[in-house]
Amino acid sequence: MNSSMDLLQNYIQSFGYDWLSNVLLITAGSFFLWIIWKVIYGRLEALANRTQLAWDDLVIKAVNAPISMLIWVWPATVSIGLVLATHSKDDVVWLGKIDLILVISTFIWIFLRLISNVETHVLEQKKRDETTVQAIAKVARLFFVTIGILTIMQALGLVSPVS
């Protein structure tokens, strides 16, 4: 993770522009990537609406906002790294950890949204006991949040991997 961010920062800085131009270039790239994502999402949503299965709709709806957030926030951390590298002599290695936490949090967010979507879908069918469905959803949320927190702790070096 750290090397990919360093590579991107070095590549952008190799153009010789000032930090403001680099930040604007990254922001414009994020905007175009976001437009491409919205087009892909629209096509996936149209394709999913043509099927009889509800599960594909639930998955597509679960990934929309987290992926959009990732498209905007990840390049923002690169921009922050460029600005800090230009105006500060301090090391910006910690931004690599932020990027890793961002990706882990995005996956957690996707899974939590998917659990909520599935819970709502199952409850709308009125074929299952409401209390049981809600309990299973709460346990699933707890599981993914716990795994996510442990993964973040491991990424930060707070927990050593099992050997």
Side-chain angles (χ1 to χ4, degrees), residues 1-13 15 17-86 92-124 133-134 136-156:
M1 278 293 173
N2 293 342
S3 63
S4 64
M5 185 170 155
D6 292 337
L7 249 139
L8 181 61
Q9 285 178 351
N10 291 336
Y11 177 72
I12 291 172
Q13 288 176 346
F15 291 120
Y17 301 119
D18 62 339
W19 66 269
L20 182 60
S21 299
N22 292 336
V23 169
L24 291 174
L25 178 68
I26 291 171
T27 304
S30 298
F31 177 72
F32 288 121
L33 186 62
W34 180 73
I35 295 292
I36 291 169
W37 164 246
K38 285 300 179 182
V39 169
I40 290 171
Y41 174 76
R43 290 185 182 194
L44 285 173
E45 190 174 36
L47 183 64
N49 287 337
R50 284 188 242 140
T51 64
Q52 297 295 327
L53 293 173
W55 301 105
D56 52 0
D57 296 326
L58 300 176
V59 171
I60 290 172
K61 288 177 184 173
V63 300
N64 183 25
I67 297 296
S68 292
M69 185 270 312
L70 188 65
I71 288 171
W72 284 108
V73 176
W74 188 308
T77 61
V78 174
S79 296
I80 290 170
L82 289 172
V83 171
L84 289 176
T86 303
V92 292
V93 175
W94 56 272
L95 279 172
K97 299 285 186 182
I98 298 289
D99 286 340
L100 189 56
I101 291 170
L102 178 67
V103 171
I104 294 167
S105 301
T106 302
F107 279 109
I108 294 169
W109 189 14
I110 289 170
F111 284 119
L112 292 179
R113 286 174 55 102
L114 181 61
I115 291 167
S116 294
N117 291 346
V118 169
E119 178 186 13
T120 303
H121 175 71
V122 170
L123 289 176
E124 285 173 353
V133 171
Q134 289 173 346
I136 291 172
K138 286 178 184 178
V139 169
R141 283 186 198 100
L142 180 64
F143 172 77
F144 281 106
V145 167
T146 303
I147 295 297
I149 289 171
L150 288 173
T151 306
I152 289 172
M153 288 174 66
Q154 184 176 357
L156 294 175

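Fair warning: this is a prediction, and the values are worked out from it, not measured in the lab.
Note that the CZ atom of Phe32 and the CD1 atom of Ile36 stand 9.0 Å from one another [nearest 0.5 Å]. Atom OG1 of Thr151 is separated from atom CD1 of Ile101 by 11.5 Å, given to the nearest 0.5 angstrom. We find the CH2-CH2 distance between Trp37 and Trp72 to be 15.0 Å, quoted to the nearest 0.5 Å. In this structure, CH2 in Trp94 is found 5.5 Å from CG in Leu84, a value given to the nearest 0.5 Å. Rounded to the nearest 0.5 Å, atoms CG (Leu112) and CG (Leu142) are 10.5 Å apart. Atom CG of residue Leu82 and atom CG of residue Leu95 lie 9.5 Å apart, to the nearest 0.5 angstrom.
The only option from Trp109, Phe111, Phe107 that meets the side-chain contact (heavy atoms from CB on, under 4.5 Å) definition with Phe144 turns out to be Phe111.
Scored by the side chain to side chain contact (heavy atoms under 4.5 Å, CB included) test, Leu24 finds Leu20 as partners (sequence neighbours excluded). Scanning for side chain to side chain donor-acceptor pair (under 3.5 Å) contacts around Thr51 gives Asp56, with sequence neighbours left out. Lys138 is linked by a side chain to side chain contact (heavy atoms under 4.5 Å, CB included) to Arg141, counting only residues two or more places apart in sequence or in another chain. Every residue two or more places apart in sequence or in another chain that forms a side chain to side chain contact (heavy atoms under 4.5 Å, CB included) with Pro75 is listed here: Ile26, Ser30. In this structure Trp55 satisfies the ring pair (Phe, Tyr, Trp, His ring centres under 6.0 Å) test together with His121, sequence neighbours excluded. Taking Ala76 as the reference, nothing meets the side chain to side chain contact (heavy atoms under 4.5 Å, CB included) condition, with sequence neighbours excluded.
Contact check for Leu58 versus Thr120: no side-chain heavy atoms found under the 4.5 Å cut-off. Counting only heavy atoms from C-beta outward, the side chains of Phe31 and Thr27 never approach each other to under 4.5 Å. Residues Ile71 and Ile67 have side chains in contact (heavy-atom distance under 4.5 Å, counting atoms from C-beta outward).
Thr106 and Leu70 get closest at one heavy-atom pair: OG1-CD1, 3.7 Å. Considering every non-hydrogen atom in both Ile152 and Ser105, the closest pair reads CD1-OG, 4.1 Å. Taking all atoms of both residues into account, the shortest heavy-atom contact from Asn117 to Ala62 is ND2-N, 3.7 Å.
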Let me check something: any side-chain donor-acceptor pairs from residues 38-47 under 3.5 Å, sequence neighbours excluded? List them with distances.
residue : atom : partner : partner atom : Å
Lys38   : NZ   : Asn64   : OD1          : 3.0
Tyr41   : OH   : Glu45   : OE2          : 3.4

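Screening residues 60-83 for salt bridge (charged side-chain N to carboxylate O under 4.0 Å, His left out) gives no qualifying pairs among residues at least two apart or on separate chains. Listed by first and then second residue, the salt bridge (charged side-chain N to carboxylate O under 4.0 Å, His left out) pairs that reach into residues 102-116 come to none, sequence neighbours excluded. Contacts classified as salt bridge (charged side-chain N to carboxylate O under 4.0 Å, His left out) and involving residues 19-34 (residues at least two apart or in different chains) are not found.
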Practice problem: Verify side chain to side chain contact (heavy atoms under 4.5 Å, CB included) between Glu119 and Ile136, making sure each step is shown before the conclusion. | Solution: CA-CA 9 Å; Glu119 178 186 13; Ile136 291 172; over 6 Å; no

